[in-house]
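Okay, structure first, notes after.
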Amino acid sequence: MLRGSPERELAAWWEAEAVAATKAQAAKEQVRVDPGAAGEPERKAGEEQPKEPAPAPPCAAEEGDARIPPRPPPTLPVSLAKPEPVSGLCPHGKSRIKGRSCKRSSGQPDEYCSLRPVTVDSSKARTSLDALKISIRQLKWKEFPFGRRLPCDIYWHGVSFHDNDIFSGQVNKFPGMTEMVRKITLSRAVRIMQNLFPEEYNFYPRSWILPDEFQLFVAQVRMVKDGDPSWKPTFIVKPDSGCQGDGIYLIKDPSDIRLSGTLQSRPAVVQEYICKPLLIDKLKFDIRLYVLLKSLEPLEIYIAKDGLSRFCTEPYQEPSPKNLHHIFMHLTNYSLNIHSGNFIHSDSTSTGSKRTFSSILYRLSSKGVDIKKVWSDIISLVIKTVIALTPELKVFYQSDIPAGRPGPTCFQILGFDILLMKNLKPILLEVNANPSMRIEHEQELSPGVFENVPSLVDEEVKVAVIRDTLRLMDPLKKKRESQSQLLGKSLASKENAPHSDLASASQGNANPDAHLPSICLKQVFPKYAKQFNYLRLVDRMANLFIRFLGIKGTMKLGPTGFRTFIRNCKLSSSSLSMAAADILYIDITRRWNSMTVDQRDSGMCLQAFVEAFFYLAQRKFKMLPLHEQVASLIDLCEYHLSLLDEKRLVCGRSGTSSASRLQPSGTPQEAVPPAPPAEGRPQPCTDGAHKVSHSRHTVS
């Protein structure tokens, strides 16, 4: 469980939401029994009609669903119809003068009128387009499906940050995220954290990278078998660039790995296979949870209250030589199981081969399972995984969007694939940078003839995730809140406010989300930052790495930068000369460059820098656990760099003061006092032993 009491509050909230969602779905299914009996649902008064209604799908009508064809609005007599405002005129037909505002009727300036809608460029949305269109219509924002010559507020990309050249606004991809969550890179990032905090990161299966670590894999398996002859493991091989189950297979022995041909050109990860998963209806299943990374600096993480559960289509049996090749038994990938004759399409959230996660929690709760504990463990897994990914993401980010240059802000929806073991412990399978947001599935009408049919389960979960992500990223939210406060003050000062145009304006602007359900995304970081900040050691190492990169836009540290790091942090000594530091740089950099496919840049990558940092920490602080050695060296480096920064600041102010005294002026210049040292740091001129302060550095 998460330490402290907040996790009980959050888990209780999720439990209540899961029960409410299941009951609501049961009520919807009763309505679906005879969808024509109730007739067309009436629209709420004042609800905006969609501008481009799509044909109604064969599903129940829900509030806010933009795909329901609207009724045509009643035609007003010509004398009553409100004329469209002419460009350059105010809404009342008078000439608009620059610097002045129209005060007719309400007596209020233009800032009290409705703000412009948020603009969204969906030209690169691809498979998420349908869910995105519904979300934009529910929010009453403005979509540009073919792009726009002027900048948009939000750009929605389907695959990569580099789909467009964007210099402003917000984009729903982080640079480098696709590379970071590939199986090899993810395994390396988590392995670093497992070396530092083995107990905290035991939710990721033991992994080996092929072909680089094949001999290590063989030796370690042989060693364990020699110590325990009864151990009969199963391993799963996953191609690094594979997706949707492509190329995955199970083995019982390292000799079964398909070494010929493809492994050199297509590297892979081999992991211990989880042989005892939790079963429902005798079937293995996994969980797809949607996680919003709202910001990288400061780190903000949100988790959707509901997700999807994808089921195998063949009853599960523990792996044996006879069933290793039964993919419908062992692999939960939707893209594989949909081709099984046993796959069940269902509009119910609690039956079929794809269900909502909330329905699974409700079923477990009815059997006495502590779902608060399950949610608490899942939240911890998500936060720890993101903490493992963010250091290298920062390096990618500063390379693509260097500080001081124009560029967008980024956010991204990630798909976490999680497996529950029989003892309810969550295991991370993988992270998807581009989780599928399709809200329809293929249905075979006749042999070889398929038709796309709406999937109500997908639509219920995915539309909510996209819509509420947009609500959290709304760039005009603060302006609306400010406008609402101004309107409230104006209403309070009006005696006849209920009868004024201002009152009607306030009803439409005060809460534009009033017609929408509550946000389905819950913040977990920085809400629980105090419980997890101690894990962010590699994040602090990445800050040091970026500081010494030198050239903006680069991702690798050159030999001069590494020497400057050693010198400025006072790490050279009689036991580590600068020549020894050069040799360390060459050896580690050469080995890491031989393991990476991308050879565009030469130099030391972040993971190589982390290895060198571990080596330096173990030499300088002996007889301590590794995480304490690393933390002590980080504190020491930050301490010396803070002294250097303060010294430069004092010198800079002294130079400015001297230059000011040389200027001819009738007014005497006041002396600029030196900047006081930061709290907890010694004076720059202090001699003697430098003490390391663990509380001095606060991770934002």
Side-chain angles (χ1 to χ4, degrees), residues 181 183 186 203-205 207 234-239 242-251 268-291 304 306-320 323-346 349-361 363-364 374 377-378 381-382 385 414-438 441-442 455 457-458 461-462:
V181 299
K183 296 173 181 64
L186 175 65
F203 56 79
Y204 191 69
S207 307
T234 302
F235 303 97
I236 183 168
V237 182
K238 304 177 182 179
C243 61
Q244 299 181 341
D246 176 44
I248 298 178
Y249 60 96
L250 272 62
I251 60 172
V269 168
V270 58
Q271 295 178 323
E272 290 185 74
Y273 181 74
I274 307 301
C275 295
K276 296 185 181 297
L278 177 68
L279 304 180
I280 289 183
D281 300 332
K282 299 181 180 180
L283 299 172
K284 179 182 176 180
F285 70 96
D286 74 350
I287 305 158
R288 163 63 60 82
L289 281 182
Y290 298 97
V291 175
D306 206 355
L308 297 172
S309 298
R310 292 90 54 90
F311 281 75
C312 288
T313 49
E314 187 177 331
Y316 180 78
Q317 298 175 3
E318 290 197 21
S320 66
N323 64 32
L324 279 183
H325 305 294
H326 292 200
I327 60 173
F328 298 142
M329 176 188 294
H330 295 293
L331 303 184
T332 56
N333 302 76
Y334 168 79
S335 54
L336 294 177
N337 283 279
I338 195 174
H339 299 294
S340 167
N342 297 326
F343 191 92
I344 301 173
H345 290 289
S346 175
T349 60
S350 55
T351 60
S353 297
K354 184 187 285 188
R355 315 175 192 178
T356 59
F357 182 45
S358 58
S359 70
I360 302 298
L361 290 177
R363 182 165 177 174
L364 294 176
V374 174
D377 292 342
I378 289 175
L381 179 151
V382 168
T385 303
L414 304 173
F416 275 65
D417 291 347
I418 297 171
L419 180 75
L420 288 179
M421 294 179 63
K422 192 173 183 179
N423 61 1
L424 299 176
K425 177 183 177 179
I427 299 294
L428 177 66
L429 300 180
E430 62 181 51
V431 181
N432 293 270
N434 302 302
S436 172
M437 287 295 176
R438 292 185 62 180
H441 60 78
E442 288 184 346
S455 170
V457 177
D458 286 291
V461 174
K462 295 176 182 178

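Note: hydrogens, waters and symmetry copies are ignored here, and every other heavy atom, side chains too, is used. Since the structure is predicted, the reported quantities are computational estimates derived from the model, not experimental observations.
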Query raised in the report: Does Phe328 have its ring centroid less than 6.0 Å away from the ring centroid of His326?
Result: no
Requested in this report: Measure from the side-chain N and O atoms of Ser207 to the backbone N and O of Pro205, and report whether any donor-acceptor pair falls under 3.5 Å.
Outcome: yes
Query - Electrostatic pair Lys276-Glu318, nearest N-O below 4.0 angstrom - result: yes
**Report entry** Main-chain N/O of Ser358 paired to Asp306 side chain as donor or acceptor, under 3.5 Å
**Finding:** yes
Report summary line: By salt bridge (Lys or Arg N to Asp or Glu O under 4.0 Å), Asp458 pairs with (sequence neighbours left out) Lys354, Lys462
Query raised in the report: Would a distance-only check, ignoring hydrogens and angles, find a side-chain to backbone donor-acceptor pair under 3.5 Å from Asn337 to Leu331?
Result: yes
Report task. Return yes if some donor-acceptor pair links the side-chain N/O of Ser353 with the main-chain N/O of Ile344 below 3.5 Å, else return no. Result -> yes
Query raised in the report: Can you check whether Val269's main-chain N or O pairs, donor with acceptor, with Lys238's side chain at less than 3.5 Å?
Result: no
Requested in this report: Side-chain contact test, heavy atoms from C-beta onward, threshold under 4.5 Å: evaluate it for Thr385 versus Tyr204 and give yes or no.
Outcome: no
Report task. Say whether, by atom type as modelled, one donor and one acceptor occur between the side chain of Asn423 and the main chain of Lys425 under 3.5 angstrom. Result -> yes
Query raised in the report: With under 30° as parallel and over 60° as perpendicular, where do the rings of Phe285 and Phe311 fit, or are they tilted in between?
Result: parallel
Query raised in the report: Excluding sequence neighbours, so at least two apart, what forms side-chain contact (heavy atoms from CB on, under 4.5 Å) with Thr234?
Result: Leu250, Lys252, Tyr273, Cys275, Pro319, Leu324
**Report entry** Side-chain donor or acceptor of Asp417 paired with backbone N/O of Leu429 under 3.5 Å
**Finding:** no
Report task. With the side chain counted from C-beta on, respond yes when Ile280 and Arg355 share a heavy-atom pair under 4.5 Å apart, and no when they do not. Result -> yes
Query raised in the report: Could you walk me through whether Phe416 and Leu381 pass the side-chain contact (heavy atoms from CB on, under 4.5 Å) check?
Result: CA-CA 10 Å; Phe416 275 65; Leu381 179 151; 4.2 Å; yes
